[in-house]
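So the structure is just underneath, and the comments pick up after that.
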Amino acid sequence: MRQSRHVGKTLRETPKDAQTAAHALLLRAGFMRQISAGVYVYLPLLHRTLAKIAQIVREEMEAAGSEELLMPALQPRELWLESGRWERYTAIDGIMFAFKDRRGSQVCLGPTHEEVVTDVLRREISSYKDLPKNVFQIQTKFRDEIRPRFGLMRAREFIMKDAYSFDADEAGMESSYQAMREAYHRICRRIGFNYREVEADPGAIGGSASHEFMVLAKTGEETIIHCPNCGYAANQEFASSRLEEYPQDPEPLPMQEVFGEGLIGVEPLAEFLKIPVWKTTKTLIYETDQGVVAAMVRGDCDVNELKLAKLLGCKTLKLASPELIKELTGAEVGYAGPIGLPPEVRIVADHYVNNRVNFECGANKTNYHNINVNFGRDLPPPQFGDFKLAKAGHICPRCESRLAADRGIEVGHIFKLGTKYSEPMNCVFLDAEGRRKPVLMGCYGIGVSRMAAAWVEQSHDEKGIIWSPQIAPYHVHLIGLNLEDPTIREAAEKTYERLQAEGVETLFDDRPLRAGEKFSDADLIGLPIRLTVSRRTAAGQAVEYKLRHEKEAILLPFDEALVKIKSFCGLNS
RNA sequence: CGGGACGUAGCGCAGCCUGGCUAGCGCGUCUGAAUGGGGUUCAGAAGGUCGUGGGUUCAAGUCCCACCGUCCCGACCA
């Protein structure tokens, strides 16, 4: 492509809305433009990169036995009523674009395709002989995000690859899942990501097991908890951990109410009471769709709200308002405790709240705390569960090492769905004994557009993006300098022609600009190889060859440069 | 959804508090000249419904109201 005719000029200044490096660079380098909140135009350069990512994904999916199809983005409400997800996606979470068509039928723009694919496949499958099946598509998805953010990272319209597997039994589903999992590793490796696979929560999609593929980046929205010793790794919202336990007092002491004015937060409280932080207790008041809940965690911990919601079996969960807290506890925020709450408040506690002798908790009275509290004597033991938030420094659930934390960008997520959709949607088959059984499903997503952003987040310097040859929009950025000189112009044109003839994808900067501007643009756009043809090179039939991630350029005869280019980009000679 | 901020030329901003002639600046764009391997220099020029609608006023980019749009923050505290 000739840059003189290319759409997507570079910007000298960073657009003010750009928050992350990837967002800023993709805008500045002319890869995309924003159309509205969370909605972007993929300009030609980004379009090419997306196509390359999609192609890698496609090849690996097909290699793993999946078959490509394309389902509609526009979906009828009926299917979502069948699966039972309409309410959650529209009214409760409000994450789905839904509206009425001209006849008054409710329709939505698909944020995902479990319903449609289940509908499609239930018509295909009637016998165990029809299984297994595996289909995928690469398509635009729509999600009315609460807060679109960071450009392509959290957009309202984005490109996703989603695959779905259908099996007759557990073993089949397991092997489909493992095949997809391996394909995901191959995809991440081919693109060249520095990534980690982690255990994850099956969440709203549902199902029994789930893994996420996280690209490691400081600006990642997810926190990964992992064990440097045994390799355990999980999304923080799903991670387990163990806490250090401490020697307990030999005897329970009398419970006591202590005045401590304005002690907000466990650190100053522990200091004031002269007790270790682990003896303190946080009691958090939550409003849920099933009433008010008081959740207790050890003072040095936080609540994992996802785990808490699962334990409670509730659909919605949020911290109570200060007004409600005052009403229920009779105290200002900061002094809630489990003793003396109204009977309608359900009390639950994390396991690590238990097995402590003489612990502290709020007294439900402004400025007062109870110390030397003991379950059984001072209050009935509540329901216990595991809902503390795992953190770096906690003990690994699988070995004795300390956990560490990293930030990551979720680019892939795979789920074992089981019969979550096949059962309500009646996607069934007859087995060899003639018994009717629901199909076992799996679903497997990859954020194609998010991968592009994740790459930039992971691979850039102060000058611009650094693409790998695998997903770069073009292999070579050919810079022509001194083009007003006909001899040089001809040399540059000829170089361009030969590169194209050899199958090297080339962006040819034929614009009448100064060298500095061209080199700056080249660095910003970040194609992996830069070739320069100029007064310096024209005489000797040479070109100047420079890799984006290296500092020095070298002068080479064209044929030698061509060999290097092909080998660097993995092109056949 | 709650809270906050912003909307002035293609991009980034000033002007608004304290209303007053032809609304400025930098970058970019166009013309000319010089320069010619890391955003060079000089001279000149074009380009704006001041988000939209209403109101106050002799007078509104500036004050008031509504709407639209964009961005940021949001429990980590018991």
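Given the structure is predicted, the values throughout are model-derived calculations rather than measurements. Quick note on labels: first sequence line is chain A, next is B, and so on, each numbered from 1. Keep in mind that the numbers below use all heavy atoms, side chains included, and drop hydrogens, waters and symmetry copies.
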Say we look at B/rC25 and B/rG44: how far apart would their P atoms be, to the nearest angstrom? 13 Å

When the P atoms of B/rG19 and B/rC58 are compared, how many Å lie between them, rounded to an integer? 15 Å

Of all residues at least two apart in sequence or in a different chain, which pass the side chain to side chain contact (heavy atoms under 4.5 Å, CB included) check with A/E517? A/L513, A/R514

Just checking A/V266: base, sugar-phosphate only, or nothing, at a heavy-atom cut-off of under 4.0 Å? sugar-phosphate

Quote, to the nearest angstrom, the P distance that separates B/rA5 from B/rA66. 14 Å

Rounded to whole Å, the CZ-P distance (A/R535 to B/rG38) equals 13 Å

Between B/rG51 and B/rA9, how far apart are the two P atoms, rounded to whole Å? 8 Å

Which sits closer to the 5' end of RNA chain B, A/G337 or A/L524, going by the nucleotide each is nearest to? A/L524

According to the ring pair (Phe, Tyr, Trp, His ring centres under 6.0 Å) rule, which pairs have a member within residues 302-327 of chain A, sequence neighbours left out? none

Expressed in angstrom and rounded to an integer, what is the separation of A/E237 atom CD from B/rC76 atom C1'? 15 Å

For RNA chain B, whose closest nucleotide is more 5', that of A/E517 or that of A/G299? A/E517

Please give the distance between the C1' atoms of B/rU18 and B/rA78 as a whole number of Å. 47 Å

The nucleotide from B/rC77, B/rU70, B/rG38 with an atom nearest the side chain of A/L284 is B/rC77

Counting any heavy atom closer than 4.0 Å, what does A/T281 reach on the DNA or RNA strands: base, sugar-phosphate only, or nothing? sugar-phosphate

Contacts under 3.5 Å, N or O only, protein and nucleotides 3-11 of chain B:
from, atom 1, to, atom 2, distance (Å)
B/rC11, O2, A/E13, OE2, 3.4

Expressed in angstrom and rounded to an integer, what is the separation of A/D302 atom CG from B/rA75 atom C1'? 11 Å

In whole Å, I'd like the distance from the CG atom of A/D509 to the C1' atom of B/rG39. 13 Å

Give the C-alpha distance, both sets of side-chain angles, the deciding distance and a yes or no for side chain to side chain contact (heavy atoms under 4.5 Å, CB included) between A/E157 and A/L109. CA-CA 10 Å; A/E157 179 178 329; A/L109 293 175; over 6 Å; no

Rounded to the nearest Å, what distance is computed from the CG atom of residue A/D144 to the C1' atom of nucleotide B/rC1? 12 Å

Partner nucleotide, any strand, of B/rA59 [Watson-Crick/G-U, under 3.5 Å]: none

From the list A/K518, A/Q3, A/R548, side chain to side chain donor-acceptor pair (under 3.5 Å) with A/H477 holds only for A/Q3

Answer yes or no: does atom NZ of A/K564 have more than 12 heavy-atom neighbours from other residues, nucleotides or ligands under 6.0 Å? no

Flag for A/K388-A/S241: side-chain donor and acceptor within less than 3.5 Å: yes

Could you give the distance separating B/rU57 and B/rC65 at their C1' atoms, to the nearest angstrom? 16 Å

So which atom in A/V543 and which in A/A561 form the shortest heavy-atom distance, rounded to 0.1 Å? CG2-CB, 3.6 Å

Under a 3.5 Å cut-off for both distances, is B/rU40 Watson-Crick or wobble paired, and to whom? B/rA34

Geometric cation-pi criterion, A/R48 with A/Y474: 6.0 Å, 45°: yes

Taking any strand in view, what nucleotide pairs with B/rC16 in a Watson-Crick or G-U wobble way, both distances under 3.5 Å? none

d(CD, A/E267; P, B/rC77) in whole Å: 10 Å

Using purine N1 to pyrimidine N3 plus N6-O4 or O6-N4 for Watson-Crick, or N1-O2 and O6-N3 for G-U wobble, each under 3.5 Å, what pairs with B/rC6? B/rG69

In the structure I gave you, are the side-chain heavy atoms of A/M153 and A/R450 within less than 4.5 Å of one another anywhere? yes

A/R356 and A/T281: side-chain hydrogen bond (donor to acceptor under 3.5 Å, both in side chains), yes or no, with the steps? CA-CA 11 Å; A/R356 291 182 303 170; A/T281 310; 2.7 Å; yes

Does B/rG74 have a Watson-Crick or wobble mate here (both distances under 3.5 Å), and if so which one? B/rC1

Listed partners of A/Y246 passing ring pair (Phe, Tyr, Trp, His ring centres under 6.0 Å), at least two apart: A/W278

Expressed as a whole number of Å, how far does the C1' atom of B/rA45 sit from that of B/rC50? 23 Å

Please identify each residue that fulfils ring pair (Phe, Tyr, Trp, His ring centres under 6.0 Å) with A/F558, with sequence neighbours left out. none

A/V266/A/D300 under side chain to side chain contact (heavy atoms under 4.5 Å, CB included): CA gap, chis, key distance, verdict: CA-CA 7 Å; A/V266 293; A/D300 53 341; over 6 Å; no

Watson-Crick or G-U wobble partner of B/rA45, both distances under 3.5 Å: B/rU29

With a 3.5 Å cut-off and just heavy-atom distances, do the side chain of A/R149 and the base of B/rG74 make a donor-acceptor pair? no

Residues in side chain to side chain contact (heavy atoms under 4.5 Å, CB included) contact with A/E261, at least two apart in sequence or another chain: A/F259, A/N367

Near-strand residues of residues 17-36 of chain A, defined as heavy-atom separation under 4.0 angstrom from RNA chain B: A/D17, A/Q19, A/Q34, A/S36

Side chain of A/R12 only, please: which of B/rC1, B/rA78, B/rG28 is the nearest? B/rG28

Could you state the atom-to-atom distance from CG of A/L319 to C1' of B/rA75 in whole Å? 5 Å

Output a table of nitrogen or oxygen pairs between the protein and nucleotides 32-34 of chain B separated by less than 3.5 Å.
none

Students often get this wrong, so: under 4.0 angstrom with heavy atoms, is A/R156 touching a base, only sugar-phosphate, or nothing? nothing

Considering only atom P, compute the distance from B/rU41 to B/rG28 and round it to an integer number of Å. 9 Å

Regarding A/F519, tell me which of base, sugar-phosphate or nothing describes its non-hydrogen contacts under 4.0 Å with the strands shown. base

Residues 509-533 of chain A vs ring pair (Phe, Tyr, Trp, His ring centres under 6.0 Å), sequence neighbours excluded, gives none

Sequence neighbours excluded, which residues qualify as side chain to side chain contact (heavy atoms under 4.5 Å, CB included) partners of A/E490? none

Distances under 3.5 Å between protein N/O atoms and the N/O atoms of nucleotides 41-43 of chain B, please, pair by pair.
none

Got a sec, which residues hit ring pair (Phe, Tyr, Trp, His ring centres under 6.0 Å) with A/H369, two or more places apart in sequence or on another chain? A/Y335

Send over the distance from A/E305 CD to B/rG74 P, rounded to a whole Å. 14 Å

Using a heavy-atom cut-off of under 4.0 Å over every strand shown, decide if A/I325 touches base, sugar-phosphate, or nothing. base

